[in-house]
Amino acid sequence: MEYFISFMVGGTICVFAQILMDTTKLLPGRVMVILVCTGVFLGSVGLYKPLIDFAGAGAFVPLTGFGYNLWKGMVEAVNKDGFIGLFRGGFTSASVGTSAALIISYIASLFFSPKFPKQ
């Protein structure tokens, strides 16, 4: 049942992102920023932690989970270091995920040659 719940929540987040991309003229990069900011906002009002507790990886893996992770790191760093933690916290909490994404993307680019559509 955990897998089903995780799949449904993660899939719902992805469906909302796809609907946003299909019904607006927003570029994918802007939709990604909206998802990250949504995770930060939901984390700041206390709604994202219960969603992660309920759905597990289904809520933590999408970009909204990355935004929540940034927010959580900033809050912890501000509580520990004061104002400077506002700038330091997001980097320390998300560094592993960001590094993994960059390294894996680079390795994938060695095997595949992406082709961008002509406009």
Side-chain angles (χ1 to χ4, degrees):
M1 193 64 172
E2 289 178 36
Y3 294 125
F4 178 75
I5 292 171
S6 180
F7 176 77
M8 292 306 294
V9 171
T12 302
I13 293 170
C14 294
V15 164
F16 284 134
Q18 190 65 47
I19 289 171
L20 192 60
M21 288 192 329
D22 289 345
T23 59
T24 66
K25 293 183 179 183
L26 293 173
L27 297 173
R30 292 184 181 184
V31 173
M32 290 170 49
V33 170
I34 289 170
L35 290 172
V36 171
C37 291
T38 301
V40 170
F41 175 74
L42 292 176
S44 69
V45 295
L47 295 176
Y48 210 78
K49 175 69 173 143
L51 184 63
I52 288 175
D53 292 340
F54 173 71
F60 198 71
V61 170
L63 284 172
T64 50
F66 179 72
Y68 170 75
N69 194 25
L70 287 174
W71 175 82
K72 183 178 165 189
M74 287 176 22
V75 168
E76 291 172 0
V78 166
N79 291 337
K80 180 182 174 192
D81 301 327
F83 181 73
I84 194 70
L86 184 65
F87 304 102
R88 189 182 304 166
F91 291 117
T92 57
S93 68
S95 61
V96 173
T98 304
S99 298
L102 288 172
I103 292 168
I104 292 170
S105 298
Y106 176 72
I107 292 170
S109 74
L110 297 174
F111 294 103
F112 303 101
S113 59
K115 294 176 179 60
F116 296 102
K118 295 180 181 179
Q119 298 203 18

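- Taken to the nearest 0.5 Å, the OG atom of S95 stands 9.0 Å off from the CG atom of N69.
- The cluster map of Ile, Leu, Val, Met, Phe, Trp and Tyr, joined by side-chain heavy atoms under 4.5 Å apart, puts I5 and L51 in the same cluster.
- Minimum heavy-atom separation, I13 to P62: CG2-CB, 3.9 Å.
- The minimum heavy-atom distance linking A17 with L35 is given by the pair CB-CD1, 3.8 Å.
- S6 places no side-chain N or O within donor-acceptor distance of the main-chain N or O of Y3, the cut-off being under 3.5 Å.
- Scored by the salt bridge (charged side-chain N to carboxylate O under 4.0 Å, His left out) test, K49 finds D53 as partners (sequence neighbours excluded).
- Residues M21 and L26 form no side-chain contact, since every pair of their non-hydrogen atoms from C-beta on lies 4.5 Å or further apart.
- Grouped by direct or indirect side-chain proximity (heavy atoms under 4.5 Å, Ile/Leu/Val/Met/Phe/Trp/Tyr only), L102 sits alone.
- Hydrophobic cluster membership is shared by F112 and I103, with clusters built from Ile, Leu, Val, Met, Phe, Trp and Tyr side chains linked at under 4.5 angstrom.
- Listed by chain and number, the residues in a salt bridge (charged side-chain N to carboxylate O under 4.0 Å, His left out) with R30 amount to none (sequence neighbours excluded).
- Proximity of a side-chain donor or acceptor of T92 to a complementary backbone N or O of G89 within less than 3.5 Å is detected.
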| task | Check step by step if side chain to side chain contact (heavy atoms under 4.5 Å, CB included) holds for T64 and L42. | result | CA-CA 9 Å; T64 50; L42 292 176; 5.8 Å; no

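- Legend: residues meeting side chain to side chain contact (heavy atoms under 4.5 Å, CB included) with M32, ordered by chain and number and at least two apart, are L63.
- When every heavy atom of V40 is checked against every heavy atom of G67, the shortest pair comes out as CG2-O, 3.2 Å.
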| task | Give the C-alpha distance, both sets of side-chain angles, the deciding distance and a yes or no for side chain to side chain contact (heavy atoms under 4.5 Å, CB included) between F41 and L47. | result | CA-CA 9 Å; F41 175 74; L47 295 176; over 6 Å; no

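- Grouping Ile, Leu, Val, Met, Phe, Trp and Tyr by side-chain contacts under 4.5 Å, direct or through others, puts M74 with V78, F83, I84, L86, F87.
- Ring geometry, F60 versus Y68: the interplanar angle exceeds 60°, so the pair is classed perpendicular (tilted spans 30 to 60°).
- Taking Ile, Leu, Val, Met, Phe, Trp and Tyr as hydrophobic and joining them when side-chain heavy atoms fall under 4.5 Å apart, one finds I19 in a cluster with V15.
- Looking at N79, its side chain does come within 3.5 Å of a backbone N or O of V75 through a donor-acceptor pair.
- Taking NZ from K80 and CZ from R88, the interatomic distance works out to 8.0 Å, rounded to the nearest 0.5 Å.
- When the side chains of ILVMFWY residues are joined at heavy-atom separations under 4.5 Å, either directly or via intervening members, V45 and F54 end up in a single hydrophobic cluster.
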